[in-house]
Amino acid sequence: MPARRDPDGAEMERRVLQALSRTPVPVAAPLTTVSGDLGAKGRDDAYYCLYPRLEGKIVTEHYAGDAEARAERFGRAVGLLHACFRECSDVAVPPRYELMERIVEGIIPRIREGAPSAEADGIERLWWDAEAELGPLYDALPQQIIHRDAHTANMLFVGERLTGWLDFEMVRRGLRVFDICYCAGSMLVEGLGHPDRERAWPGLFCALVRGYDAFCPLTAAERRATYGVFVAIELLFVAFFMDLGNADAARGGVRTLRWMAAHHDDLLV
């Protein structure tokens with residue numbers, strides 16, 4: 001019974017999940033209370049919703065064994081979700097998520113406020129280098145309803161079979177390549193600091209894209225945009241951890257940004 005921020009958010013999630021429940025994507029639409037409500041406010045003022053249980057487990061191993069086959073399954077899961085989101089295009093979700101605008105107007109100023117001046121200068125230079133690639137492509141990148149939190153821990157599997165997609169409270173319209181990079185990035189951060197994993201990750205990223213392409217082939221513009229999108233996502237994380245007061249995690253995000261800048265070509269497909 002996870003907490004949701006507000007009844008309006010729960011209602012949006014219900015609309016999305018009910019629409020997806022009519023597609024091949026395995027989801028759990030929220031149950032109503034005995035009074036017909038979607039949820040109830042707890043003593044802590046959080047809003048709680050109850051969902052049916054989905055079978056399966058989260059895959060936590062990304063590098064051992066047949067890692068590329070697992071990565072391809074993640075890509076297929078995201079591709080299936082996006083293909084089915086297109087069937088739900090009339091569902092009311094929050095306004096389009098303008099990634100570039102968010103970085104320039106919100107994230108860079110927040111990092112300047114929270115990081116030492118020299119470090120903030122370096123982060124901003126890194127962003128503008130990435131923006132020089134992403135900016136000219138941005139308007140050509142396909143937009144649709146996306147998950148916005150498409151990391152591997154929000155998928156359930158039984159063996160090789162996808163049995164569940166979780167956590168739809170951040171759904172909105174946005175760049176579809178955002179979900180691809182978000183998913184691949186969730187595997188990358190677990191490998192950083194381990195040379196063998198760092199060398200293996202580009203192969204996992206290519207396998208994930210191969211799985212995605214089986215449902216929704218990436219455009220040439222999307223393939224050229226992935227480096228900039230990876231950087232933008234990591235900047236979101238740095239600012240998020242700063243807001244939480246988690247200095248260690250924010251520093252880890254900065255280290256990830258520097259690794260990305262040093263391995264630019266590995267973040268393109």
Identify whether the distance between the nearest side-chain nitrogen and carboxylate oxygen of Glu222 and Arg176 falls below 4.0 Å. yes
Would you sort out whether Arg86 and Cys216 count as a side chain to side chain contact (heavy atoms under 4.5 Å, CB included), showing the intermediate values? CA-CA 11 Å; Arg86 290 203 300 264; Cys216 306; 3.3 Å; yes
Are Phe215 and Leu208 connected into the same hydrophobic cluster when the rule is that any two of I, L, V, M, F, W, Y join if their side-chain heavy atoms are below 4.5 Å apart? yes
Atom pair CZ (Arg258) and CD (Glu234), whose distance is rounded to the nearest 0.5 Å: 12.0 Å
Which residues pass the salt bridge (Lys or Arg N to Asp or Glu O under 4.0 Å) test with Glu98, sequence neighbours left out? Arg96
Rounded to the nearest 0.5 Å, how far does CD of Glu87 lie from OG of Ser89? 9.5 Å
Tell me whether the guanidinium CZ or amine NZ of Arg76 lies under 6.0 angstrom from the six-membered ring centre of Tyr212 and within 45° of its axis. no
Would you confirm whether Thr23, through its side chain, and Cys84, through its main-chain N or O, come within 3.5 Å as a donor-acceptor pair? no
Indicate yes or no: at least one non-hydrogen side-chain atom of Ile108 is less than 4.5 angstrom from one of Val104. no
Report the C-alpha separation of Leu268 and Arg224 in whole Å, then their side-chain angles, then the decisive distance to 0.1 Å, and conclude whether the side chain to side chain contact (heavy atoms under 4.5 Å, CB included) test is met. CA-CA 6 Å; Leu268 296 172; Arg224 295 197 304 274; 5.6 Å; no
With Glu133, which residues qualify under side chain to side chain donor-acceptor pair (under 3.5 Å), at least two apart? His264
Min side-chain heavy-atom separation Leu17-Pro30 under 4.5 Å: yes
Heavy-atom side-chain proximity of Met155 to Cys183 below 4.5 angstrom: yes
Got a sec: does the OH of Tyr63 have more than 12 other heavy atoms crowding it under 6.0 Å? yes
May I ask you to test the Leu20-Leu81 pair for a side-chain heavy-atom distance under 4.5 Å? yes
So how far is it from Leu175 CG to Leu134 CG, rounded to the nearest 0.5 Å? 7.5 Å
Could you tell me whether the side chain of Ile111 reaches within less than 4.5 Å of the side chain of Trp127, counting heavy atoms only? no
Closer than 4.0 angstrom, basic N to acidic O: yes or no for Arg148 and Asp179? no
State whether Glu124 and Arg112 are salt-bridged, where the test is any N-O pair (Lys NZ or Arg NE/NH1/NH2 against Asp/Glu carboxylate O) under 4.0 Å. yes
Starting at CZ of Arg210, measure out to CD of Glu72 and round the result to the nearest 0.5 Å. 4.5 Å
Find the distance between CZ (Arg173) and CD1 (Ile146) and round it off to the nearest 0.5 Å. 11.0 Å
Side-chain donor-acceptor pair present, Glu131, Tyr138, cut-off under 3.5 Å: no
Would you say the side chain of Val171 lies within less than 4.5 Å of the side chain of Ile145, judging by non-hydrogen atoms? yes
Parallel, tilted or perpendicular: which fits the ring planes of Phe237 and Tyr182, with parallel below 30° and perpendicular above 60°? tilted
Could you check whether the rings of His147 and Trp165 sit parallel, tilted or perpendicular, using 30° and 60° as the cut-offs? tilted
Quick one: do Ile58 and Val158 end up in the same hydrophobic cluster if we chain Ile, Leu, Val, Met, Phe, Trp and Tyr together by side-chain heavy atoms under 4.5 Å apart? no
Taking Asn154 for its side chain and Asp149 for its backbone only, find out whether a donor-acceptor pair lies under 3.5 Å. yes
Expected output: side-chain Thr32 to main-chain Asp37 donor-acceptor under 3.5 Å: no
Would Trp128 and Val238 show up in the same hydrophobic cluster when neighbours are defined by side-chain heavy atoms closer than 4.5 Å? yes
Ile107 backbone acceptor or donor facing Arg102 side chain under 3.5 Å: no
Under a single-linkage definition using a 4.5 Å side-chain heavy-atom cutoff for Ile, Leu, Val, Met, Phe, Trp and Tyr, are Leu166 and Leu31 assigned to the same hydrophobic cluster? no
Heavy atoms, side chains only, cut-off 4.5 Å: are Val16 and Phe85 in contact? yes
Should Met260 and Leu188 be marked as a side chain to side chain contact (heavy atoms under 4.5 Å, CB included) after you check the CA-CA gap, both sets of side-chain angles, and the distance that decides it? CA-CA 10 Å; Met260 289 177 172; Leu188 172 62; 4.0 Å; yes
Connected via hydrophobic side-chain network under 4.5 Å: Phe74 and Leu156: no
Could you walk me through whether Glu68 and Leu204 pass the side chain to side chain contact (heavy atoms under 4.5 Å, CB included) test, one step at a time? CA-CA 5 Å; Glu68 290 193 7; Leu204 302 187; 3.8 Å; yes
Would you say the ring centroid of Trp201 lies under 6.0 angstrom from that of Phe230? yes
Working to the nearest 0.5 angstrom, can you tell me the gap between Leu126 CG and Asp121 CG? 12.5 Å
Can you tell if the side chain of Asp243 reaches within under 4.5 Å of the side chain of Arg110, non-hydrogen atoms only? yes
Shortest non-hydrogen separation from Ile233 to Cys181 and the atoms involved: CD1-CB, 3.8 Å
